[in-house]
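Please read these numbers as outputs of a predicted model, since none were measured by experiment. Values reported hereafter were calculated over all heavy atoms of this structure, with side chains retained and with hydrogens, waters and symmetry mates removed.
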Amino acid sequence: MMLQNRDFPLAIAATDRGDNDKALELFRKALKEEPESALVHAHLAFCLLKLGKHFAASRAADQALALGPNLPLAHVVRATIDTVFGDDEAAKNALDEALRLDPENRNALEIRCANALLNHDIKALTAAVDTLLSLYPDDDTPHYFASRLATLRLDAESAERHARAALRIAPTDSANHVAIGWAFWVKKDFEKAHDAALSALALSPNNHNAHSLLAAIEMHRKPLTGWFHRIGHIANTANIKTAALYVVPAIFLYMSAADILRYFELDTAASMLFRGVQITAILLLISTQLYSRKSAQHQKAASLRLDY
């Protein structure tokens with residue numbers, strides 16, 4: 001259904017130019033005129049998500065689904081939010097529903113690719129990439145995901161070919177530089193992979209995939225510091241749910257084990273356990289500090305290259 005108020009298209013335009021604060025104001029004004037519009041609620045959820053207001057975005061997505069259960073965009077935004085919260089199963093179900101309603105929904109296919117890549121789900125990634133390439137062969141995003149898929153398969157030739165195609169179409173998209181960097185990494189050309197990662201950082205300083213690539217390169221060059229760098233990267237980029245899944249059980253297990261050891265008067269073992277926790281905490285602190293320092297160094301050295 002077409003919206004009748006003028007604030008909605010203005011909000012979309014504000015979103016396109018990156019002015020999310022203005023877009024938020026306009027989406028809320030649009031809702032005052034059409035509070036039952038699932039489409040506005042869905043776009044509002046995306047806007048809130050970009051502003052880092054995750055719980056407000058979740059509420060807006062739920063409202064969009066309640067008002068428009070057959071609106072693919074509502075399921076796409078729900079999947080996006082579930083991904084941020086680390087709920088992979090809920091995200092998968094939401095994407096399944098979005099693609100059931102619209103099998104060629106580009107947003108849903110791209111999110112499926114991103115999630116499958118994150119989880120190294122080659123089967124799901126292959127299916128989504130094949131569909132995207134058939135629908136949008138002249139866009140860079142399908143070639144980016146095709147390159148990353150080839151990287152997972154350790155197919156360096158295909159990875160580089162698709163990455164170069166993506167770079168020809170969108171040479172200033174940092175993701176495409178990351179893709180060719182991983183292709184070089186598979187070929188064990190770590191110098192070029194390093195240059196590609198720095199190019200990505202020159203375009204997007206907070207590109208987590210570029211930092212992940214740099215950590216992987218360092219693990220080959222300097223295994224000890226590379227492992228610290230890798231652990232620090234994971235610790236700094238873990239989402240809320242992932243952190244809770246590891247930290248809370250670890251604390252519970254430590255407290256339970258310590259109580260059991262003390263109950264049986266195994267004070268030496270309890271002391272060793274405590275020292276182990278201390279050492280682990282220190283190593284984690286060193287890793288995060290090393291990652292922060294390395295990230296700053298890489299950002300300082302970042303420069304764009306287009307002549308790989």
Given the rule that I, L, V, M, F, W and Y join up when any side-chain heavy atoms are under 4.5 Å apart, are [X] and [Y] in one cluster?
X    : Y    : value
F46  : L39  : yes
Y308 : V186 : no
V76  : L135 : no
L273 : F264 : yes
L49  : I12  : yes

How far does [atom1] of [X] sit from [atom2] of [Y], to the nearest 0.5 angstrom?
X   : Y    : atom1 : atom2 : result
H54 : I81  : NE2   : CD1   : 9.0 Å
N70 : L101 : CG    : CG    : 5.5 Å
H43 : L31  : NE2   : CG    : 11.5 Å

Minimum heavy-atom distance N209-V178, with the two atoms named: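 Shortest heavy-atom contact: CB-CG1, 3.8 Å.
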Minimal non-hydrogen separation, L67 against P35, with atom names: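 Closest approach of L67 to P35: CD1-O, 3.9 Å.
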Between the side chain of [X] and the main-chain N/O of [Y], is any donor-acceptor distance below 3.5 Å?
X    : Y    : answer
D139 : T141 : no
H177 : P171 : yes
T83  : A79  : yes
S204 : A200 : no
S271 : D267 : no
T15  : A11  : yes
S199 : R305 : yes

Check: R78/S58 side-chain N/O donor and acceptor closer than 3.5 Å: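 Yes, side-chain donor-acceptor contact under 3.5 Å.
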T131 and R112 side chains, donor-acceptor separation under 3.5 Å: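 Per modelled atom types, R112 and T131 side chains form no pair under 3.5 Å.
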So [Y] and [X], do their side chains get closer than 4.5 Å, heavy atoms only?
X    : Y    : value
R153 : T126 : yes
L24  : L48  : yes
V129 : C113 : yes

SB check E160 R164 (cutoff 4.0 Å):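 Salt bridge between E160 and R164, a charged N being under 4.0 Å from a carboxylate O: yes.
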Pairing of E89 and K92 as salt bridge, 4.0 angstrom limit: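 Here E89 does not pair with K92 in a salt bridge, since their nearest N and O are not under 4.0 Å apart.
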Test side-chain contact (heavy atoms from CB on, under 4.5 Å) applied to F27 and L44, L10, D7, the passing residue: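 Answer to the side-chain contact (heavy atoms from CB on, under 4.5 Å) test with F27 among L44, L10, D7: L44.
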Heavy atoms of other groups near E265 CD, more than 12 under 6.0 Å: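 It does not: E265 CD has 12 such atoms or fewer within range.
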Enclosure of R275 CZ (heavy-atom neighbours >12, cutoff 6.0 Å):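 For R275, atom CZ is not crowded (no more than 12 foreign heavy atoms under 6.0 Å).
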side-chain contact (heavy atoms from CB on, under 4.5 Å) assessment of Y144 paired with L132: CA-CA 11 Å; Y144 163 78; L132 275 175; over 6 Å; no
